[in-house]
Student: 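Dropping a structure here in structure tokens format, bear with me for questions.
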Amino acid sequence: MSENVPNPPAHFIRNRIRQELESGLHDRVVTRFPPEPNGYLHIGHAKSIVLNFAMADEFGGETNLRFDDTNPIKEEQRYVDAIREDVAWLGYQWARECYASDYFPKLYEYALHLIDNGLAYVDSQDADAIRAQRGTLTEPGTPSPHRDRDRAESRDLFERMRAGEFADGAHVLRAKIDMAAPNINMRDPVLYRIRHQRHPRTGDEWCIYPSYDFAHGQSDAIEGITHSLCTLEFEDHRPLYDWLIEHLPVPSKPQQIEFSRLNLDFTVLSKRRLMRLVDEGFVDGWDDPRMPTFAGIRRRGFTPRSIRNFCNEIGVTKSESIIPFGAMERNLRDDLNERAPRRMAVLEPVKVVLTNFTEGETEWFDAANHPQNPELGTRKVPMTREIWIERGDFMEDAPKKFFRLKPGGEVRLRNAFIIRCDEVVKNAAGDVETLHCSFDPESRSGLPGADRKVKGTIHWVSAEHAVEAEVRLYDRLFSVPHPAGDKEHDFVEHINPESLQVIGSARLEPGLENAKPGEHYQFERTGYFVADPDSSTEKPVFNRAVTLRDTWAKLEKQLRG
RNA sequence: UGGGGGAUCGUCUAGUGGUAGGACUACGGACUCUGACUCCGUCAGCGGGGGUUCGAAUCCCUCUCCCCCAGCCA
């Protein structure tokens, strides 16, 4: 992946690793991306994925994909499959696919080690009692009555927990650290709990499962992870992470480094909220193009490269930040601008009759597939007497700065010739129905007369050859920058009612009916589009991934005042 | 109110004693058979108050604000 980032920007983790390598603290970098398979990945995870793979890649190491599957109540195989697909889609190949559950036997041994050394004990109270004894933020906790249970008894109990002799919640294994610690994570945290629950990978082999704190660091150590990169909320867990590594006979000593998670405006990124959007039908599923999930942004038309570039652009720090959604869109434009073939498509059609164009005749024009990259070749587009143009490209009472079609005015038809609007035909309601225009034969593309300057150029599609298609225009899902930050209103109240606009019959240039799902095009002057999985030759469907920058829209807004 | 983090242009981010820099946005202009792209230019910042110093974003003191932690979730 490093070919995409010739000059990776410095950030504190990169700097720190560089120094460690120079000082000889490490001679290689091994990282891991450790999702819990209890939900789908979203754009927030992309930052972590890119960071982890980039660090290993840049410093000659490798990255594992490790599923943190320590809680079988919430985890499912389908999430594992989806996550695997998502990481690969982003463009990364992990060195090893690991599972915390691979280490259950080892972790069990480690637990025994702690018990035998008087560093862990079995507590036989229920969750409520343990909670009550934990103390509060300002008051220390009080020791469990079982805290000084002798090692042999704890060991016996723990072995019987493992053997399945007890019901869920009857006992728990706890580290014996410090009930008065100001850091609540150090107040004898739970290491193992009983869960008679079939595990997606280990089946019924285990009925006790390690907690995150007990599994994560030790898994890192077992895999030889040098840098365990995680988000800020785990900072409080680092003392525990280090404590366990220090007191256990683990094969290596990883270090945890925290960075701030990615936040985007005009969306939500918490699993709970995303779940509600799907469950309550605000979107059409996890892969709805408005969703910030990998499945969603992929279907929306975001490319892996644009996401990677975006992640590199935003940097890595410990300060919390909210990145404008537009930053992601710009990266998409930058990527697609370079490589997406251009096509003409009329979204809101209005008919134009070229009065001096021979009826029944078709003239084929050459059109470049890309204005800056001739390697993308050319194509032929048909011109006929009747064509479609964009309704918004005609204005009857046009302001001075309006460079498109107006009564008596001229405009160039992209790749073809210049036309003049001679007559406006309206229906009974007063809406423009048809425009009668005449074209200038001397101004055909390629001819000397084509050099004549007209201010505007618009796109068009031959009415006879037009391919009818469904086009889905997506906009931000929420109408406020921080939907989750409003304490007065439920975030769903801020859903943008116009986040999806379906155009039933857009008119596309012929050929586009053969677009394969996932193929990107720029519909000139309109935006970047991708063929949806729903698309077929019979009924093409395109999603608008992002609009083009539109300075006219801005100007128009200003003119209106 | 205990503990752990954070605060630099509108946004993101460099800068650990020596002229606060970059990117994005915005704005202005050039170019243009996409009002796109590209190019050029402009605006704009060290949370507040003290102190140390010839000199402070950086060191010291103090205040303020924001985030995280009291799951047998991760």
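Numbered from 1 within each chain, the chains take letters A, B, ... in sequence-line order. Being a predicted model, the structure only gives us computed values, none of them experimental.
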Student: Closest to the A/S319 side chain: B/G6, B/G2, B/A74?
Tutor: B/G6
Student: Could you label the plane-to-plane angle of the A/Y241 and A/H216 rings as parallel, tilted or perpendicular, counting under 30° as parallel and over 60° as perpendicular?
Tutor: tilted
Student: Expressed in whole Å, how much space separates the C1' atoms belonging to B/A44 and B/C39?
Tutor: 22 Å
Student: Is it true that the NZ or CZ of A/R273 lies under 6.0 Å from the centre of A/F491's six-membered ring and within 45 degrees of the ring axis?
Tutor: yes
Student: Within the structure shown, what part of the strands sits under 4.0 Å from A/H459 by heavy-atom distance: base, sugar-phosphate, or nothing?
Tutor: nothing
Student: When you measure from every atom of RNA chain B, which of residues 324-331 of chain A have a heavy atom less than 4.0 Å away?
Tutor: A/P324, A/R330
Student: Hey, which of these two, A/G169 or A/A553, hits RNA chain B nearer its 5' end, going by closest nucleotide?
Tutor: A/A553
Student: Reckon A/T136 touches a base, only the sugar-phosphate, or nothing at all at heavy-atom distances under 4.0 Å?
Tutor: base
Student: Starting the side chain at C-beta, find the nucleotide from B/G71, B/G6, B/A36 nearest to A/K318.
Tutor: B/G6
Student: Would you mind classifying the nucleic acid contact of A/R549 as base, sugar-phosphate or nothing, using non-hydrogen atoms under 4.0 angstrom?
Tutor: sugar-phosphate
Student: Looking at every strand, decide which applies to A/Y192 at a 4.0 Å heavy-atom threshold: base, sugar-phosphate, or nothing.
Tutor: nothing
Student: If the glycosidic angle sits within 90 degrees of zero it is syn, else anti. Tell me which applies to B/G71.
Tutor: syn
Student: More 5' along RNA chain B: A/L413 or A/E139, using each one's nearest nucleotide?
Tutor: A/E139
Student: So A/I130, base contact, sugar-phosphate only, or nothing? Heavy-atom distance under 4.0 Å.
Tutor: base
Student: Side chain of A/R134, heavy atoms from C-beta onward: which of B/C72, B/U13, B/A74 has the nearest atom to it?
Tutor: B/C72
Student: Which part of the nucleic acid does A/T70 contact within heavy-atom distance under 4.0 Å: base, sugar-phosphate only, or nothing?
Tutor: sugar-phosphate
Student: With sugar-phosphate meaning primed atoms plus P, OP1 and OP2, does A/D68 contact a base, only sugar-phosphate, or nothing at under 4.0 Å between heavy atoms?
Tutor: sugar-phosphate
